[in-house]
Peer 1: 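Quick one: this structure, given as structure tokens, is what I'll be asking you about.
Here the structure is a predicted model, which means the values were calculated and not measured. So that the names make sense, note that chain A is the first sequence line, chain B the second, and so on, each numbered from 1.
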Amino acid sequence: MDTLKLELKIWRQDSPKDKGEFKTYKVDGLNTHMSFLEMLDVLNEQLIESDSEPVAFDHDCREGICGMCSMVINGRPHGPLKGTTTCQLHMRHFNDGDTITIEPWRANSFPVIKDLVVDRSSFDRIIQAGGYISVNTGSAPDGNAMPIGKEVAEEAFDAAACIGCGACVAACKNASASLFVAAKVSQLALLPQGQAERDDRVVNMVSKMDQEGFGHCTNTGACEAECPKEISVEYIRKLNWEYHRSNIKG
Amino acid sequence: MTLDNKVPEGPLDQKWTNYKSKVPLVSPANKRRLEIIVVGTGLAGGSAAASLAEMGYRVKTFCFQDSPRRAHSIAAQGGINAAKNYQNDGDSVFRLFYDTIKGGDYRSREANVYRLAEVSANIIDQCVAQGVPFAREYGGTLDNRSFGGVQVSRTFYARGQTGQQLLLGAYSALSRQIAKGNVAMYNRHEMLDIVKIDGKARGVIVRDLVTGEYQRHFGHAVVLATGGYGNVYYLSTNAMGSNVTAAWKAYKQGAMFANPCFTQIHPTCIPVSGEYQSKLTLMSESLRNDGRIWVPKNKDDNRSPVDIPEGERDYYLERRYPAFGNLVPRDVASRAAKERCDGGYGVGETGLAVYLDFKDAIDRLGKDVVSARYGNLFEMYEKITGDNPYLMPMKIFPAVHYTMGGLWVDYDLMTTVPGLYAIGECNFSDHGANRLGASALMQGLADGYFVLPYTIGKYLSEDIRTPSIKTDHDDFLKAEKNARERNQKLLKNNGSRSVESFHRELGKIVWDHCGMSRNTKNLTQAIEDIKSLRNDFWDNVKVPGRDDVLNPELAKAGRVADFFELGELMMRDALGRDESCGGHFREEHQTQQGEALRDDENFTFSSAWEFKGDNTPPLLNKEELTFDTVRLTQRSYK
């Protein structure tokens, strides 16, 4: 079986206040069927063995759905493969002898906690500002009481597929969270259940996004290119429409 | 201790209705003064925290992930069952109840399962109202599909990401309550112990995983929604962080642990590819709607599957179980795959795989329809294996997926510690010895949205005069000290072996001895093996770093230490249950056709283990199961 030998340049930062720097490590004998995170597991075992501190990184489901893993690989959030989270990226996409650079998400609104781990609680606060439909438990009508056309349901689903990983922010030169906000605003604006709070929702979420220090969208489309769920920038168009619509209705 | 399951009197179909109309209420003014702690933010914890806060209680919620949106419920693919009968195929509350009891091989409590079936329809309504984008028909009504072990279509789904959409629904409801100030949310906090005062659960000790700070939190009641313990096997479909620690601390504080050996091995997962492997990935059971499972008829047939002619293929599920075919329940499908692989008919490099083939479905329905149904699963398979399932059959093998066992709870979902509740996968209540597909999401949300919010009022209505207890109370300080000392011990151990390597070795013991097939000799041996490995762990484990910073190795070490103790209890439980039932297959007890052979005369009970001290064997208590409505028969899917 083919094996790989790699040089890794990894961002090491002890704490939020630490300045941080790249450090170089070597790993050898890697199976090409390994996932990228399993490759980092191998490195960490090596580091523990040699009394060094392992690299801290966020990860959980390792199935591409929880949105926890977050690293910039050779300059690209989640690495080279389109529509793929880091945990679903496998080593067969790299070559023997490669040097791989690994960094955390870089954005003021995602401060580094340690090494590759960042604080994304700003995303939670944006959802808290209005990313929901206000319906208390027990007060719902029958599920079939409100027919929703298949196309509308599918379009809402495409937006709802966002895993909240933050790759869109990491990819954007302005560190804008527009795609993340657009996905939630669009999902709920498309569905009949979301109509009652439609106008307030978009205004509150956008204003929270600004308050959290995310930048503005300048339509480069980098977010869509790096989104592991391939959420379309079309939804940002929809976000802008929703925002202006609510202002006109005022 | 005598176990009182507190099942209400009356006919099965009226118990819950009567209970709800008679259960004591807590007035709005009193609710504002009562604090509830919810640990875990998956489907059960998220929905419970949101619902309790909506009702007016003051809620504190904890999760170890960086956001409550990431709990492992998010990875559930296939769907959620509900007795809506939208398909007009004869479904009903009774049928869902009956299928679930039968699917669990008659080792669950009738009253709980009936209630689950009753509230299932409300869950769908609630989720639709939250904006969960379920699959729809062209006319705008909700779509359904079939799952294993049943003959109706009652599974609601959102592509292959149903768990994600349901969890984001619960997360949105929770977020709304956080914004209103009704829920205080603590991300990246791990529970290290339960605090008991005068015999009642009164709080938790947690550690902030970022700053390392140990914290004490009071609650009039504590709700554990901390998921299952499948990671005791090291390799499972669970998330890397999924662990038993919260449930295990509850056990050591007096909550009984029920049926720990009832674990679910899911038949359709991507096979293990090497020693480095950190986790396994599920391929949704929904694939068995259209995929056909087979192995070559001839041993060691090394041809590519597409070159093996139809007549030389053994569609063994269709052969053995003509009535249910590829849609037999999970335990049956897993054992059948093992039987073929053990016999030398397995495929792939290791011989530990069978084919899941979509060629017939693609010929019958066209590639577009197959892609619309399963596209994202096919893509995931290709990412992991490098093979294209549109052209080549998938290779699959069973893997640990879910744990039916968990903390023993009564009808109120309260453990044997007053004021301590367990909901979702972390309790044992509804699935018996085998869980049917699409029932985990149903149970998590039933417990959180529609059961616990009622039943907790019964306990709290008697606690309205209890003022908040200060967290400088001796019992809080003592619990914090214990938690600190344990972590210090791990850090100062100066050993030479990593946590990971111990976990891997433990997992192999548990898988080999308490996996798809179990026997007296292996189980007895495993108890000794685990004990000696556990001693080795405490002597030789090496945990780098400090406890006042983010230290993932330290968190992992604490979890693995608890898995050792749980692993031993699983072996004891499996050894004591001298029958086969559901996923618990004792080789000594099988029919001539190799099916699980129950012993209803001696084993119609749930085992509830009571902690008696670190160096004393646990005590087995039994909750006898009585069946007033269903008749116990041998499960047949033929």
Peer 1: Between B:S175 and A:I127, what is the shortest heavy-atom contact and its length?
Peer 2: OG-CG2, 3.7 Å
Peer 1: Mark yes when over 12 heavy atoms from residues, nucleotides or ligands other than A:K23 sit less than 6.0 Å from its NZ; otherwise mark no.
Peer 2: no
Peer 1: Side chain, backbone, both or neither: which part of A:L89 has an atom under 4.5 Å from a heavy atom of chain B?
Peer 2: neither
Peer 1: Assess whether ring-ring contact (aromatic ring centres under 6.0 Å, His included) is satisfied between B:Y449 and B:Y454, documenting all intermediate values.
Peer 2: CA-CA 9 Å; B:Y449 283 132; B:Y454 288 100; over 10 Å; no
Peer 1: Chain A heavy atoms under 4.5 Å from B:E382: which part of the residue, side chain, backbone, both or neither?
Peer 2: backbone
Peer 1: For chain A, which candidate among B:V132, B:I124, B:L142 shows the most heavy-atom pairs at distances under 4.5 Å?
Peer 2: B:L142
Peer 1: Specify which of B:D125, B:T237, B:V128 makes the most heavy-atom pairs with chain A at under 4.5 Å.
Peer 2: B:D125
Peer 1: With a 4.5 angstrom heavy-atom cut-off, which part of B:L550 approaches chain A: side chain, backbone, both or neither?
Peer 2: both
Peer 1: Who wins among A:D14, A:T84, A:N44 for the most heavy-atom pairs under 4.5 Å with chain B?
Peer 2: A:T84
Peer 1: Which region of B:P133, side chain (C-beta onward) or backbone (N, CA, C, O), has a non-hydrogen atom less than 4.5 Å from a non-hydrogen atom of chain A, or is it both or neither?
Peer 2: both
Peer 1: Is it the side chain or the backbone of A:V152 that comes within 4.5 Å of chain B heavy atoms, both, or neither?
Peer 2: neither
Peer 1: Most heavy-atom pairs under 4.5 angstrom with chain B, which of A:G130, A:P141, A:P54?
Peer 2: A:P141
Peer 1: Between A:M39 and chain B, which part of the residue has a heavy atom less than 4.5 Å away: side chain, backbone, both or neither?
Peer 2: neither
Peer 1: Hey, are A:T86 and A:H78 close enough side-chain-wise for a donor-acceptor pair under 3.5 Å?
Peer 2: yes
Peer 1: Answer with yes or no whether the side chains of A:S121 and A:R125 bring together a donor and an acceptor at under 3.5 Å.
Peer 2: yes
Peer 1: With a 4.0 Å cut-off on N to O distance, would you call A:E226 and A:K82 a salt bridge?
Peer 2: no
Peer 1: Counting heavy-atom pairs under 4.5 Å to chain A, which of B:G131, B:G241, B:S278 comes out on top?
Peer 2: B:S278
Peer 1: Measuring heavy-atom distances to chain A, does B:Y171 have an atom under 4.5 Å in its side chain, in its backbone, in both, or in neither?
Peer 2: side chain
Peer 1: Between the side chains of A:E63 and B:K279, is the shortest nitrogen-to-carboxylate-oxygen separation below 4.0 Å, so that they form an ion pair?
Peer 2: yes
Peer 1: Please rank B:E553, B:K542, B:E500 by heavy-atom pairs under 4.5 Å with chain A and give me the top one.
Peer 2: B:K542
Peer 1: If I measure from the heavy atoms of chain B, does A:R62 come under 4.5 Å with its side chain, its backbone, both, or neither?
Peer 2: both
Peer 1: For A:F180 together with A:F214, are the ring centres under 6.0 Å from each other?
Peer 2: no
Peer 1: Who among A:L188, A:D41, A:D115, A:D51 has the most heavy-atom pairs with chain B under 4.5 Å?
Peer 2: A:D51
Peer 1: Taking the ring of B:F64 and the ring of B:Y186, is the distance between their centroids below 6.0 Å?
Peer 2: no
Peer 1: Looking only at heavy atoms and a cut-off of under 4.5 Å, which of A:L191, A:I133, A:D124 has the most pairs with chain B?
Peer 2: A:D124
Peer 1: What part of B:Q65 is in contact with chain A, defined as an atom under 4.5 angstrom from a non-hydrogen atom: side chain, backbone, both or neither?
Peer 2: both
Peer 1: Can you tell me which portion of B:Q277 sits under 4.5 Å from chain A's heavy atoms? Options are side chain, backbone, both or neither.
Peer 2: both
Peer 1: Go through the atoms of B:D66 and report whether side chain, backbone, both or neither lie under 4.5 Å from a heavy atom of chain A.
Peer 2: both
Peer 1: Flag the one option from B:Q130, B:Q164, B:H72 with the top tally of heavy-atom pairs under 4.5 Å to chain A.
Peer 2: B:Q164
Peer 1: Would the distance check show the side chain of B:T141 and the main-chain N or O of B:E137 forming a donor-acceptor pair, the cut-off being under 3.5 Å?
Peer 2: no
Peer 1: Tell me which of these, A:G64, A:G143, A:P147, has more heavy-atom pairs under 4.5 Å with chain B than the rest.
Peer 2: A:G143
Peer 1: At a 4.5 Å cut-off on heavy atoms, which part of B:K84 comes close to chain A: side chain, backbone, both, or neither?
Peer 2: side chain
Peer 1: At a 4.5 Å cut-off on heavy atoms, which part of B:L280 comes close to chain A: side chain, backbone, both, or neither?
Peer 2: backbone
Peer 1: Please classify the contact of A:E151 with chain B as side chain, backbone, both or neither, using a heavy-atom distance under 4.5 Å.
Peer 2: side chain
Peer 1: Charged N to carboxylate O below 4.0 Å: is that the case for A:E49 and B:R497?
Peer 2: no
Peer 1: For each of B:T385, B:N238, B:D143, B:V499, tally heavy-atom pairs with chain A at distances under 4.5 Å, and name the one with the top tally.
Peer 2: B:T385
Peer 1: If I compare all heavy atoms of A:D60 with all of B:R70, which pair ends up nearest, and what's the gap?
Peer 2: OD2-O, 4.2 Å
Peer 1: In terms of side-chain heavy atoms, does A:R198 have a donor or acceptor partner in A:Q195 at a distance below 3.5 Å?
Peer 2: yes
Peer 1: Assess the side chains of A:K184 and A:Q187: does a donor N or O sit below 3.5 Å from an acceptor N or O?
Peer 2: yes
Peer 1: Between A:F36 and A:F94, does the ring centre distance come in under 6.0 Å?
Peer 2: yes
Peer 1: Side chain, backbone, both or neither: which part of B:R159 has a heavy atom under 4.5 Å from chain A?
Peer 2: both
Peer 1: Is it the backbone or the side chain of A:E45 that comes under 4.5 Å from a heavy atom of chain B, or both, or neither?
Peer 2: side chain
Peer 1: Going by atom types alone, do B:N376 and B:Y381 pair a side-chain donor with an acceptor below 3.5 Å?
Peer 2: no
Peer 1: So which part of B:I178 gets closer than 4.5 Å to some heavy atom of chain A, the side chain, the backbone, both or neither?
Peer 2: side chain
Peer 1: Please classify the contact of A:V118 with chain B as side chain, backbone, both or neither, using a heavy-atom distance under 4.5 Å.
Peer 2: backbone
Peer 1: Flag the one option from A:A161, A:S15, A:A56 with the top tally of heavy-atom pairs under 4.5 Å to chain B.
Peer 2: A:A161
Peer 1: Measure A:I113 against the heavy atoms of chain B and call it side chain, backbone, both or neither at under 4.5 Å.
Peer 2: side chain
Peer 1: Kindly check if the number of other-residue, nucleotide or ligand heavy atoms within 6.0 Å of CD (A:E230) is above 12?
Peer 2: yes
Peer 1: Under a 4.0 Å threshold between the charged nitrogen and the carboxylate oxygen, would A:D96 count as salt-bridged to A:K5?
Peer 2: no
Peer 1: Between A:S134 and chain B, which part of the residue has a heavy atom less than 4.5 Å away: side chain, backbone, both or neither?
Peer 2: both
